[in-house]
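What follows is one structure encoded as structure tokens, with my remarks underneath.
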Amino acid sequence: MSLRLFNTLSGQLDELTPSDGKTLRMYACGPTVYDYGHIGNFRTFLQVDVLRRTLHLLGIPVRHVMNITDVDDKIIRNATAAGIPIAQYTAPYEQAFLEDLDSLRIERPEQLARATEHIDRMVGLIQRLATAGAAYQAEDGSWYFRLSSFPEYGKLSKKDLSGMEDGARVDLDEYEKDSARDFALWKAAKPGETSWDTPIGRGRPGWHIECSAMAMEYLGDSFDLHAGGEDLMFPHHENEIAQSESVTHKPFARHWMHVRFLLVDGRKMSKSEGNFYTLRDLLLKGYKASAIRLALISVPYRHQLNFTFDGLTEATNAIDRLRTFHQRLITGSFAPGENPALQEAAKKAQADYLAALSNDLNTAEARAPIFDLIRAANTAIDQSQLLAGDRDAILAVLARFDAVFDVIEDHDAEPTRRALEWAEQAGRQADVAPELLARQSFTDEAVDALVAERTLAKKQRNFSRADQIRNELAEKGIVIEDSKDGVHWKRK
RNA sequence: GCACCGGUGGCGAAGUGGCUAACGCGCAGGUCUGCAAAACCUGUAUUCGCGGGUUCGAAACCCGCCCGGUGCUCCA
């Protein structure tokens with residue numbers, strides 16, 4: 001099966017295949033490490049993660065490059081304010097970003113590329129652009145891209161800029177540019193700012209040239225896919241195309257994927273609206289990393305997602321259903337053999353699941369057959385009609401589901417532990433939800449002891465004591481289930 | 001202003017010309033249970049923002065209107 005993915009450049013669903021017949025080469029715009037990542041950032045990174053995991057599921061190897069922007073205006077401003085070198089300023093945020101990726105189970109790209117380690121490549125690219133007549137130096141020493149040299153400008157975002165009059169809305173004198181829309185490739189050093197001494201002068205790279213240079217360094221002049229948030233389509237990605245193709249005269253990326261912005265409570269997320277959340281904020285409120293992951297990937301990437309706390313609760317409960325069922329399969333004992341109806345159901349679920357993902361990564365549709373299968377299997381178990389061979393077939397389907405969604409296996413303790421540790425270091429203890437602390441207060445051993453006491457009480461038909469223990473545990477977020485094969489408990 | 005996306009049960013959300021409108025969450029009732037939980041069953045949209053039209057047939061296509069959101073500038 002092959003993956004059909006919407007291509008912003010062509011405006012339609014195109015098959016995504018490796019042009020070299022082997023490995024799919026993709027570039028995704030990464031973070032600017034001047035602060036902690038927020039859930040909007042992570043929706044994009046998560047959807048790219050869904051893409052690469054789906055490709056793997058379809059048997060397509062991936063070479064994925066992501067940049068880390070560790071020099072830009074905000075970084076310089078903040079580092080200057082703090083009185084420290086930019087590398088010292090960005091290092092903790094880069095570290096935090098990588099931790100957050102791990103918390104959300106976002107697979108690391110094959111190659112991470114820091115902007116400050118590729119200055120030479122960027123300078124080289126600007127020199128080639130200058131030779132080609134597509135770049136020029138302004139009086140202050142900054143370099144600009146000459147838009148008029150690239151007639152195809154606007155082909156990605158479908159903008160026709162030919163009618164734009166220079167100077168109509170921008171004061172040209174201020175910019176020392178030939179044309180108001182020409183964008184910066186290289187910014188001349190200002191006193192006291194971080195800068196590099198290079199053959200094209202002293203200064204620092206513009207944001208757009210960074211991605212062009214690093215993408216071509218690791219993936220070649222032409223590669224398969226370029227991804228990013230929808231806001232980057234214009235001007236960032238448009239500029240990347242202009243810079244790259246002006247030098248190579250080859251298509252830069254064949255396929256472009258753009259993830260839509262999310263809203264929070266129906267509005268665009270922003271600090272001034274008071275609806276701005278980092279991953280760490282949510283973990284400290286007591287939400288599980290897996291629930292955040294599921295909530296952010298369950299709405300397909302081309303749709304606006306309205307993020308709410310109700311949505312997180314829903315995701316939490318859906319995950320409970322998945323995990324409870326998974327446990328039931330693993331811990332239950334089943335007679336040998338196969339039930340043809342369940343074998344068929346498992347086969348169908350897997351086919352429908354893969355078909356939905358292959359259709360422009362329709363994660364919402366992909367969930368349905370999995371839940372259908374769970375109901376069919378639960379019914380069969382209740383009637384003792386699920387056999388060992390069926391369990392294995394269904395576990396295999398769940399494994400494929402988790403190969404992309406990755407929420408059934410419980411890895412939630414570590415991100416929460418890390419977030420609590422961070423809160424302490426960063427002086428954010430006040431933001432830790434009391435319920436979360438209460439939940440952490442019971443060790444597994446303490447729970448086991450109470451559960452054992454309750455089981456004994458039940459045997460002696462001392463139900464009031466048994467219920468008392470159950471309520472006490474429930475208050476700490478621990479749920480008890482009595483089943484035929486013993487007592488299980490889990491943390492909510 | 002120009003461009004674009006969306007409005008499907010209480011909520012989230014698939015489906016884009018033809019089987020009883022997926023799936024998840026929630027809620028109500030039932031089965032099971034000492035009681036719960038889990039699981040299962042039934043019910044939660046006779047209908048897909050509103051009004052017209054096209055068609056044998058529309059949630060899906062066309063026209064108009066109403067509502068919500070986004071981009072055009074740093075932004076995932």
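Residue numbers start from 1 in every chain, and the chains themselves are labelled A, B, ... in the order their sequence lines are given, proteins ahead of strands.
- Between B:rU16 and B:rA21, the distance separating the two C1' atoms is 13 Å to the nearest Å.
- For the P atom pair drawn from B:rG57 and B:rG18, the interatomic distance equals 14 Å after rounding to whole Å.
- When distances are taken from the side chain of A:Ala318 to each of B:rC25, B:rC40, B:rU70, the shortest belongs to B:rC25.
- Side-chain to base pairing of A:Asp467 with B:rG34: one donor and one acceptor N or O lie within less than 3.5 Å of each other.
- As judged by a 4.0 angstrom heavy-atom cut-off over every strand, A:Arg302 is placed among residues making no nucleic acid contact.
- For the pair A:Arg400 and A:Tyr353, the cation does not sit on the ring face, since its NZ or CZ is not both under 6.0 Å from the ring centre and inside 45° of the axis.
- Distance noted for atom C1' between B:rC23 and B:rG9: 13 Å (whole Å).
- Look at A:Glu472 and A:Arg454 and you find no salt bridge, because none of the NZ, NE, NH1 or NH2 atoms lies under 4.0 Å from a carboxylate O.
- Salt bridge A:Asp444/A:Arg491: present, at least one basic N to carboxylate O contact under 4.0 Å.
- With a cut-off of 3.5 Å on both pairing distances, B:rG57 has no Watson-Crick or G-U wobble partner at all.
- Rounded to whole Å, the distance from NE2 on A:His38 to C1' on B:rC74 is 13 Å.
- The pair A:Asp412-A:Arg293 fails the salt-bridge criterion, with no side-chain N (NZ, NE, NH1 or NH2) lying under 4.0 Å from an Asp/Glu carboxylate O.
- Contact between the side-chain N/O atoms of A:Arg454 and the OP1/OP2 oxygens of B:rA37 is not found at any separation under 4.0 Å.
- Contact annotation for A:Gly311: no contact, since no heavy-atom pair falls under 4.0 Å across all strands.
- Distance noted for atom P between B:rA28 and B:rA38: 13 Å (whole Å).
- One finds no side-chain N or O of A:Asn359 lying less than 4.0 angstrom from the OP1 or OP2 phosphate oxygen of B:rA14.
- Salt-bridge annotation for A:Arg53 and A:Asp406: present, with a side-chain N of the basic residue lying under 4.0 Å from a carboxylate O of the acidic one.
- As the counterpart of B:rC65, B:rG49 is assigned, both hydrogen-bonding distances of the Watson-Crick or G-U wobble pattern falling under 3.5 Å.
- Across all strands shown, B:rU20 forms no Watson-Crick or G-U wobble pair with both key distances under 3.5 Å.
- At a threshold of 4.0 angstrom between heavy atoms, the contacts of A:Asp310 with the nucleic acid are absent.
- To the nearest 0.5 Å, atom NE2 of residue A:His38 and atom CZ of residue A:Arg43 are 12.0 Å apart.
- Taking the C1' atoms as reference points, B:rG17 lies 29 Å from B:rU70, given to the whole Å.
- Between the CZ atom of A:Phe234 and the P atom of B:rA76 there is a distance of 17 Å, rounded to whole Å.
- Residue-level contact check: A:Ile480 touches the bases, meaning some heavy atom is under 4.0 Å from a base atom.
- Taking atom CZ of residue A:Phe371 and atom P of nucleotide B:rC23, one finds them 11 Å apart after rounding to whole Å.
- Remark: the separation of the C1' atoms in B:rG30 and B:rG64 is 49 Å, to the nearest Å.
- The side chain of A:Leu263 has B:rU70 as its nearest neighbour among B:rA39, B:rC23, B:rU70.
- With both pairing distances under 3.5 Å, B:rU33 is matched to nothing as a Watson-Crick or G-U wobble pair.
- When the C1' atom is compared between B:rG51 and B:rC67, the two are found 15 Å apart, to the nearest whole Å.
- A straight line from CZ of A:Arg43 to C1' of B:rA76 spans 10 Å, rounded to a whole angstrom.
- Considering only side-chain atoms of A:Glu314, the nucleotide from B:rA37, B:rG24, B:rC74 that sits closest is B:rG24.
- Under 4.0 angstrom from either OP1 or OP2 of B:rC40 there lies at least one side-chain N or O belonging to A:Asn378.
- Separating the CE atom of A:Met257 from the P atom of B:rA76 is a distance of 17 Å, rounded to the nearest angstrom.
- Note: CD (A:Gln468) to P (B:rA36) measures 19 Å, nearest angstrom.
- Salt bridge A:Glu94/A:Arg114: present, at least one basic N to carboxylate O contact under 4.0 Å.
- One P atom belongs to B:rA37, the other to B:rG69, and the distance between them is 40 Å to the nearest Å.
- Nearest nucleotide to the side chain of A:Lys458, out of B:rG34, B:rA14, B:rC75: B:rG34.
- Within the 4.0 angstrom heavy-atom criterion, only backbone atoms of the sugar-phosphate kind lie near A:Asp372; the bases stay farther away.
- Within the nucleic acid shown, A:Ser483 has no heavy atom closer than 4.0 Å to any nucleic acid atom.
- In this entry B:rG71 has B:rC2 as its Watson-Crick or G-U wobble partner, both defining distances falling under 3.5 Å.
- In the set B:rA14, B:rG12, B:rC35, the nucleotide with an atom closest to the side chain of A:Asp482 is B:rC35.
- Listed nucleotides: B:rA37, B:rA22, B:rU70. Nearest to the side chain of A:Gln304: B:rU70.
- Side-chain polar atoms of A:Gln12 and A:Asn7 form no donor-acceptor pair below 3.5 angstrom.
- A 3.5 Å limit on both hydrogen-bonding distances identifies B:rU44 as the Watson-Crick or G-U partner of B:rG26.
- Checking B:rU70, B:rG69, B:rA76 against the side-chain heavy atoms of A:Glu230 singles out B:rU70 as nearest.
- Distances shorter than 4.0 Å separate none of the side-chain N or O atoms of A:His236 from OP1 or OP2 on B:rA76.
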